[in-house]
Amino acid sequence: MPEASVPRRPRDVEQNGLGITEMLALDGGSKVRNRPWPRWPVWDEHEEQAVLDVLRSGRWWSVEGDRVHTFEREFAQFVQAAHAVCVTNGTAALEVCLRALGIGCGDEVIVPPYTFIATASSVLSVSATPVFVDIEAESLNIDPSRIEEAITPRTKAIIPVHIAGRPADMDGVLAIARKHGLYVIEDAAQAHAAEWKGRRVGAIGDLGTFSFQASKNLNAGEGGIIVSNDADLADRAWSVHNVGRTRSGKWYEHHVVGGNFRMTERQAAILLAQMTRLPSQTETRTRNAEYLTELLSRIDGITTLPADPRVTRHAYHLYVFRYDPKHFGGRPREEFLQALVAEGIPASAGYVPLYKEIVFQRKTAGWADGVRPPAR
Ligand SMILES: Cc1ncc(COP(=O)(O)O)c(C=O)c1O
């Protein structure tokens with residue numbers, strides 16, 4: 001429909017009761033939100049001191065310092081895991097887990113398509129094949145009832161993602177995994193402190209991964225961690241993240257092919273300080289999200305995701321809702337998003353289903369199909 005023929009509906013001042021403006025900001029009205037949003041990340045002299053202490057100690061390397069090890073212990077305890085291995089980021093965490101499980105060429109790994117690219121690209125990075133299994137409409141997480149039909153003799157693992165911070169159906173995923181002898185790697189990059197039936201996510205499956213990238217609920221700029229209740233798997237992950245060394249082996253003794261995925265002491269120092277804020281920040285997110293849900297559920301055409309009593313803690317890394325254009329004069333979702341952004345409310349359309357991403361349309365996973373030979 002041409003722009004000019006879209007009906008322009010002035011904001012109804014009586015109805016919204018706020019009396020801020022008569023027109024949408026998109027149509028020339030004033031913005032709903034003019035004040036800046038709260039700063040993220042949140043820090044004070046505790047983080048400053050923690051970083052200074054590492055700097056002045058000269059021990060910037062986890063092999064010499066104690067911050068990384070302390071954070072591993074604290075985070076493991078927080079997610080009710082016996083073991084943890086800090087790594088450079090959440091993408092590396094997934095790759096290390098896959099290598100630790102011996103997954104590689106010819107193997108298949110089941111992943112949901114509605115997630116950040118790393119969930120599936122980590123599988124390609126170890127030369128295995130990601131197999132997409134669709135999500136549930138209500139939770140946006142992998143649908144356990146569709147997993148079995150995707151299992152083949154090559155399937156080695158399932159990676160459920162706790163998308164937006166809402167736990168996936170771990171009972172459903174684990175039941176199928178145990179029946180077929182598959183590993184479960186929880187991608188909990190967005191789900192720090194989230195709980196499935198009272199258990200913190202991450203250590204419910206065989207291995208779990210978290211991200212500490214700048215936008216995440218626990219933030220060190222970059223960073224990641226692997227958690228597990230299985231000592232052997234945790235040791236394997238440790239080896240892979242430390243160029244194939246073993247915990248008890250000599251420095252120049254390499255048992256498997258690994259990489260250098262070690263976290264720095266500066267990252268861990270920030271994370272230790274940020275950890276003290278996580279419980280109260282999670283409470284605030286929950287309160288705010290519940291308030292938003294209550295308000296949004298009053299608006300025709302906006303559908304919030306239904307609550308699930310098995311989700312005893314949603315981490316609310318992202319807040320997701322559905323938009324039905326029928327209730328908004330047929331204005332497409334893109335325009336609705338533009339209108340929100342114009343009002344000063346950051347919003348996005350969410351992830352593109354990964355099978356539609358350009359990388360998955362290519363014949364090869366890398367540049368190999370388009371690289372020219374070097375000039376002679
Ligand atoms: C679901 C999911 N998995 C994995 C990652 C990768 O984490 P990182 O950015 O730390 O590599 C992210 C980060 O955005 C994510 O959201």
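As the structure lists them, so they are numbered: ligands from 1, and atoms in each ligand from 1.
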**Listed partners of Asn260 passing side chain to side chain donor-acceptor pair (under 3.5 Å), at least two apart** = none
What does the contact table look like for ligand 1 (nitrogen or oxygen on each side, cut-off under 3.5 Å)?
| residue | atom | partner | partner atom | Å |
| --- | --- | --- | --- | --- |
| ligand 1 | 3 (N) | Asp187 | OD1 | 3.2 |
| ligand 1 | 3 (N) | Asp187 | OD2 | 2.7 |
| ligand 1 | 7 (O) | Ser211 | OG | 3.4 |
| ligand 1 | 10 (O) | Gly90 | N | 2.8 |
| ligand 1 | 10 (O) | Ser211 | OG | 2.7 |
| ligand 1 | 11 (O) | Gly90 | N | 3.3 |
| ligand 1 | 11 (O) | Thr91 | N | 2.8 |
| ligand 1 | 11 (O) | Thr91 | OG1 | 2.5 |
| ligand 1 | 14 (O) | Lys216 | NZ | 2.6 |
| ligand 1 | 16 (O) | Gln190 | NE2 | 2.8 |

**Fill in**
Those residues at least two apart in sequence (or on a different chain) that pass side chain to side chain contact (heavy atoms under 4.5 Å, CB included) with Arg310 are Asp169, Trp196, Lys197, Asp308
**Asked** Do Phe212 and Phe71 make the cut of ring centroids closer than 6.0 angstrom?
**Response** yes
**Ring center gap for Trp238 and His241 short of 6.0 angstrom** = yes
**Prompt:** Between Asp44 and Arg277, is the closest basic N to carboxylate O distance under 4.0 Å?
**Reply:** yes
Table please: side-chain donor-acceptor pairs of residues 183-193 below 3.5 Å, with sequence neighbours left out.
| residue | atom | partner | partner atom | Å |
| --- | --- | --- | --- | --- |
| Glu186 | OE1 | His162 | NE2 | 2.8 |
| Glu186 | OE1 | Gly202 | N | 2.7 |
| Glu186 | OE2 | Gly202 | N | 3.4 |
| Glu186 | OE2 | Ile204 | N | 2.8 |
| Glu186 | OE2 | Gly205 | N | 2.6 |
| Asp187 | OD1 | Ala189 | N | 3.1 |
| Asp187 | OD2 | Thr119 | OG1 | 2.9 |
| Gln190 | OE1 | Ala164 | N | 2.6 |
| Gln190 | NE2 | Tyr351 | OH | 2.7 |
| His192 | NE2 | Ser211 | O | 2.8 |

